[in-house]
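Each remark here refers to the structure printed beneath this line.
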Amino acid sequence: MQTEEKLEDPLKQNPAPEEPFYTSATTEEPPKKKRKKCICLKISCCILLIIILLLIATFLFFALYLFKKRAVQITASSETVENLSFTITPVTLNLVMGSNIAIKNPNYAGYEYENSNTTFYYHGTLAGISPLPAGVVKARSNKKMHLSVYMNATTMIGSPFLLPELIAGQLPLTTNTSVTGKVVLFNSIKFHATVTTSCEVIVNLQTQTTTSDCKGDVKLF
């Protein structure tokens, strides 16, 4: 009896591989990636916070320090006798006074001041004047000037106080210097300042020296 060879189905011998099963839900990220993202986010937030704090600190520094109004100061360091001659009979007088003016600007911007003058008074009467030209005092610096003032002999000789004071050897004078200007910061922030100094001066006719007592005043607006 002849054995019949049975042919096996090739599909059964080599079954087709099963297709992977996919679900419609998205796959979750690995925990390591989540941690990296979280760390990067925290670092970015910290950097942003530091930048904001630096900006606030810079603004406060400019507002409280650089932009702060500082009073401009003017002083008459000394009044000197540059030329002096006089007689008692008849009464004559030739007097030239010297005034040393110093303007101190402590601000972080230049102080631009207008034309002004220095005046000398003898018993309340104007007896001498010297112009003070407009100029600029640089930021955080001092500016020194020397002025010569020719006293009005006619005005002083007409005073009833002159003869006895010539005999006594002392002449009392009063000086006044007032300067008005402005401080401009970054072409946007500006304020005005008027500084005044006044001195009570005693001129010693014998030694041709002076003693003075000065006071200053500042107005910011």
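Heavy atoms only, all atoms of each residue included: Ala109 and Ala139 are closest at N-CB, 3.5 Å. Scanning all heavy atoms of the two residues, the minimum distance from Asn105 to Tyr111 falls at ND2-N, 3.4 Å. When all heavy atoms of Val91 and Ile157 are compared, the closest pair comes out as O-CD1, 3.7 Å. Across every non-hydrogen atom of Cys214 and Ala76, the tightest pair is SG-O, 3.9 Å.
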Worked check of side chain to side chain contact (heavy atoms under 4.5 Å, CB included) between Glu79 and Phe120: CA-CA 11 Å; Glu79 310 294 342; Phe120 278 76; 3.5 Å; yes
For side chain to side chain contact (heavy atoms under 4.5 Å, CB included), just list the numbers for Thr155 and Leu126, CA-CA rounded to whole Å, side-chain angles, deciding distance to a tenth of an Å, and then say yes or no. CA-CA 8 Å; Thr155 299; Leu126 181 62; over 6 Å; no
Decide yes or no on side chain to side chain contact (heavy atoms under 4.5 Å, CB included) for Ile88 and Leu163, but give the supporting numbers first. CA-CA 7 Å; Ile88 295 178; Leu163 180 58; 3.5 Å; yes
Verdict with supporting geometry, Leu95 and Tyr122, side chain to side chain contact (heavy atoms under 4.5 Å, CB included): CA-CA 12 Å; Leu95 177 60; Tyr122 179 64; over 6 Å; no
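Residues Ile74 and Leu220 share a single hydrophobic cluster, defined by chaining ILVMFWY side chains whose heavy atoms lie under 4.5 Å apart. Leu84 and Met156 fall within a single hydrophobic cluster, where Ile, Leu, Val, Met, Phe, Trp and Tyr are joined by side-chain heavy atoms under 4.5 Å apart, directly or via other members. By the criterion of side-chain heavy atoms lying less than 4.5 angstrom apart, applied directly or through intervening Ile, Leu, Val, Met, Phe, Trp or Tyr residues, Val149 is not grouped with Ile101; the two fall into different hydrophobic clusters. Val72 is not connected to Phe221 by any chain of hydrophobic side-chain contacts under 4.5 Å among Ile, Leu, Val, Met, Phe, Trp and Tyr, and they are in different clusters. Ile129 and Val201 are assigned to two separate hydrophobic clusters, defined by single-linkage of ILVMFWY side chains at heavy-atom distances under 4.5 Å.
Between Asn94 atom CG and Phe86 atom CZ the span is 12.0 Å, to the nearest 0.5 Å. In this structure, NZ in Lys104 is found 11.5 Å from NZ in Lys144, a value given to the nearest 0.5 Å. Atoms CD and NE2, from Glu114 and His192 in turn, are 7.5 Å apart once rounded to the nearest 0.5 Å. The distance from the NE2 atom of His146 to the OG1 atom of Thr80 is 5.0 Å, given to the nearest 0.5 Å. Distance check, rounded to the nearest 0.5 Å: OH of Tyr113 to OG of Ser178 gives 13.0 Å. The CE atom of Met97 lies 8.5 Å from the OG1 atom of Thr175; values are rounded to the nearest 0.5 Å.
Leu166 places a side-chain heavy atom less than 4.5 Å from the side chain of Leu205. Contact check for Leu171 versus Leu162: side-chain heavy atoms found under the 4.5 Å cut-off. Side-chain atoms of Pro172 and Glu200, non-hydrogen and from C-beta on, never get closer than 4.5 Å to each other. Proximity of Phe191 to Asn107: side-chain heavy atoms (C-beta onward) are separated by under 4.5 Å at one or more points. For the pair Pro131/Asn115, no side-chain contact is recorded, criterion being any heavy-atom separation below 4.5 Å from C-beta on. Within the 4.5 Å cutoff, no side-chain heavy atoms of Leu93 are placed close to those of Met151. Looking at Met145 and Ile103, their side chains come closer than 4.5 Å, going by heavy atoms from C-beta outward.
Donor-acceptor pairing under 3.5 Å is lacking for the side chains of Thr75 and Thr197. Between Thr118 and Ser130, the side chains place no donor N or O within less than 3.5 Å of an acceptor N or O (distance only, hydrogens not considered).
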Compile the donor-acceptor pairs under 3.5 Å between side chains in residues 42-55 and protein atoms, sequence neighbours left out, one pair per line.
residue : atom : partner : partner atom : Å
Ser44   : OG   : Cys40   : O            : 2.9

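Lys182 NZ: 12 or fewer foreign heavy atoms inside a 6.0 Å radius.
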